[in-house]
Amino acid sequence: MPELPEVETVRRGLNDLVLNKQISSVDVYYDKMIIGDVQKFKDTLAGKVIETVDRRGKYLLLRFSGDVTVISHLRMEGKYYVKSKDEPLDKHTHVVFNFVDGTTLRYNDTRKFGRMELVKTGMEVNNSGIKKLGPEPTVDTFKVDDFYQALQKKKKVIKTALLDQTIVTGLGNIYVDEVLWMSKIHPQTPAKNLSYDEAKKLHDNIIKELNMAIEAGGTTIRSYTDAFRNEGGFQFSLKVYQKTGEPCQRCQTPIERIVVGQRGTHFCPKCQILKP
DNA sequence: CCCAATGTTTTGCC
DNA sequence: GGGCAAAACATTGG
């Protein structure tokens with residue numbers, strides 16, 4: 001569900017829905033969702049005003065008054081909703097931020113994989129996950145030369161290298177398959193075997209693809225919705241992800257599914273040749 | 001019942 | 001200590 005475009009869409013939704021609201025109290029129904037002391041999490045946030053919502057990679061950064069930041073990662077199925085305090089709790093609601101105006105921000109997560117952590121604003125860079133993130137996939141921060149050099153040093157195959165967030169952040173299983181298809185690169189190509197031209201093509205496609213997906217409001221495969229409960233629109237633009245057996249849109253060859261790095265992987269066996 | 005699922009962290013092995 | 005691959009996390013749905 002949430003790769004960078006989906007997280008960015010959630011961020012924008014939250015910035016429309018909860019800005020400048022003051023927290024009266026926080027309820028936590030599943031303690032493991034909170035990294036660190038749960039009581040401190042609740043006590044610190046009470047009375048704080050949410051000033052903005054930022055994003056780094058796939059991490060949301062909820063900025064509160066008093067230099068308080070909540071790092072929130074949605075992992076596989078995390079979702080935020082804004083509801084009136086009177087509405088009954090969903091079975092999978094694990095954290096509720098109650099606002100003084102009678103509305104609530106609710107964190108739902110069917111698989112309970114998501115995590116939140118309270119830090120002093122600015123200290124989020126010390127978070128173990130955020131610390132090792134590579135550049136954001138934008139023209140200003142993501143440079144072809146750096147990308148090529150990083151790939152040269154890797155022993156992993158290209159798909160696994162792109163998923164690990166350290167070379168460039170934001171890609172997940174869906175968009176990796178898509179950008180590799182667009183770039184005509186086989187997912188099991190050793191990263192260091194990519195030519196400079198291939199690296200450049202891949203680099204350009206990563207930026208283009210993620211931006212197009214953000215414009216479409218993300219991709220809804222099974223469960224993703226944004227903070228307004230809207231589904232994304234990019235699933236209609238997917239070329240290979242979960243298209244096993246369907247004809248490649250370039251050459252009509254049926255799309256194949258293999259497993260790479262424990263992940264389902266979709267590619268065109270004719271367009272994306274594994275070089276010896 | 002068995003398998004797969006969008007992501008990161010932990011574990012264990014070089 | 002780093003890099004890497006596999007397991008783990010918890011639940012739903014086909």
Side-chain angles (χ1 to χ4, degrees), chain A residues 1-10 29-36 55-61 71-80 90-95 107-117 124 126-134 137 150-180 187-188 190-192 209-210 213-214 216-226 231-245 256-266:
Chain A
M1 171 194 24
E3 303 178 34
L4 188 147
E6 292 76 43
V7 178
E8 174 62 17
T9 305
V10 170
Y29 300 95
Y30 181 69
D31 284 359
K32 284 172 74 178
M33 199 114 278
I34 310 296
I35 298 172
R55 179 188 57 74
R56 174 75 175 102
K58 302 175 195 171
Y59 293 80
L60 287 167
L61 302 167
I71 302 170
S72 171
H73 199 298
L74 308 173
R75 294 284 181 94
M76 308 274 267
E77 308 222 32
K79 282 176 273 294
Y80 279 104
D90 188 277
K91 178 184 174 188
H92 300 294
T93 298
H94 306 302
V95 180
Y107 179 73
N108 266 51
D109 192 338
T110 312
R111 283 172 72 177
K112 299 181 177 174
F113 277 3
R115 292 292 179 268
M116 290 183 205
E117 183 175 8
E124 62 271 6
N126 294 326
N127 173 280
S128 65
I130 293 180
K131 196 158 43 176
K132 57 187 172 203
L133 294 181
L151 292 178
Q152 290 291 104
K153 292 185 191 125
K154 289 285 176 184
K155 289 189 173 148
K156 302 174 174 182
V157 299
I158 186 62
K159 167 151 180 172
T160 310
L162 291 176
L163 281 178
D164 92 356
Q165 310 298 307
T166 62
I167 299 180
V168 59
T169 184
L171 294 167
N173 205 36
I174 298 172
Y175 296 114
V176 163
D177 283 1
E178 295 297 314
V179 297
L180 288 172
Q188 286 175 309
K192 61 176 164 36
E209 176 85 351
L210 292 176
I214 290 169
T219 299
T220 296
I221 290 299
R222 196 166 50 233
S223 64
Y224 165 77
T225 59
D226 68 13
E231 297 199 341
F234 200 69
Q235 57 273 24
F236 304 113
S237 300
L238 298 179
K239 309 295 187 192
V240 288
Y241 183 77
Q242 288 191 346
K243 304 285 186 194
T244 310
E256 286 184 10
R257 181 186 183 280
I258 57 175
V259 174
V260 177
Q262 303 174 290
R263 314 306 300 275
T265 298
H266 314 77

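Chain A is the first sequence line, chain B the second, and so forth, proteins listed ahead of strands; every chain is numbered from 1.
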Check the interface with nucleotides 10-14 of chain B: list each N/O to N/O pair with the protein under 3.5 Å, or write none.
none

*Those residues that, when tested against A:Thr93, pass side chain to side chain contact (heavy atoms under 4.5 Å, CB included) (two or more places apart)*: A:Leu89, A:Asp90, A:Val96, A:Arg106, A:Asn108
_Pairing residues for A:Thr169 by the side-chain hydrogen bond (donor to acceptor under 3.5 Å, both in side chains) criterion, not counting sequence neighbours_ = A:Gln165
*Quick one: list whatever passes side-chain hydrogen bond (donor to acceptor under 3.5 Å, both in side chains) with A:Thr166, sequence neighbours left out.*
A:Asp164
*Of all residues at least two apart in sequence or in a different chain, which pass the salt bridge (Lys or Arg N to Asp or Glu O under 4.0 Å) check with A:Glu8?*
A:Arg11, A:Arg12, A:Arg55
*Would you indicate, yes or no, if B:dT8 has its OP1 or OP2 atom less than 4.0 angstrom from a side-chain nitrogen or oxygen of A:Arg111?*
no
*Taking only residues two or more places apart in sequence, or in another chain, which ones meet A:Lys58 in a salt bridge (Lys or Arg N to Asp or Glu O under 4.0 Å)?*
none
*What pattern of brackets, bars and dots sums up DNA chain C from 5' to 3', given Watson-Crick or G-U wobble pairs under 3.5 Å, [ ] for crossing pairs and | for another strand?*
.||||||||.||||
*List for me each residue that meets side-chain hydrogen bond (donor to acceptor under 3.5 Å, both in side chains) alongside A:Thr9, sequence neighbours excluded, and say none if there are none.*
none
*Which residues pass the side chain to side chain contact (heavy atoms under 4.5 Å, CB included) test with A:Tyr30, sequence neighbours left out?*
A:Lys32, A:Met33, A:His94, A:Lys112
*Roughly how far apart are A:Leu210 CG and A:Glu178 CD, rounded to 0.5 Å?*
11.0 Å
*With A:Gln188, which residues qualify under side-chain hydrogen bond (donor to acceptor under 3.5 Å, both in side chains), at least two apart?*
none
*asked:* Filter on salt bridge (charged side-chain N to carboxylate O under 4.0 Å, His left out), then keep only pairs touching residues 236-245 of chain A, sequence neighbours left out; what's left?
replied: none
_DNA chain C: 5'-most and 3'-most nucleotides touching chain A, 4.0 angstrom heavy-atom criterion_ = C:dC4 to C:dT12
*Looking for any heavy atom pair under 4.0 Å, which part of the strands does A:Arg263 touch: base, sugar-phosphate only, or nothing?*
base
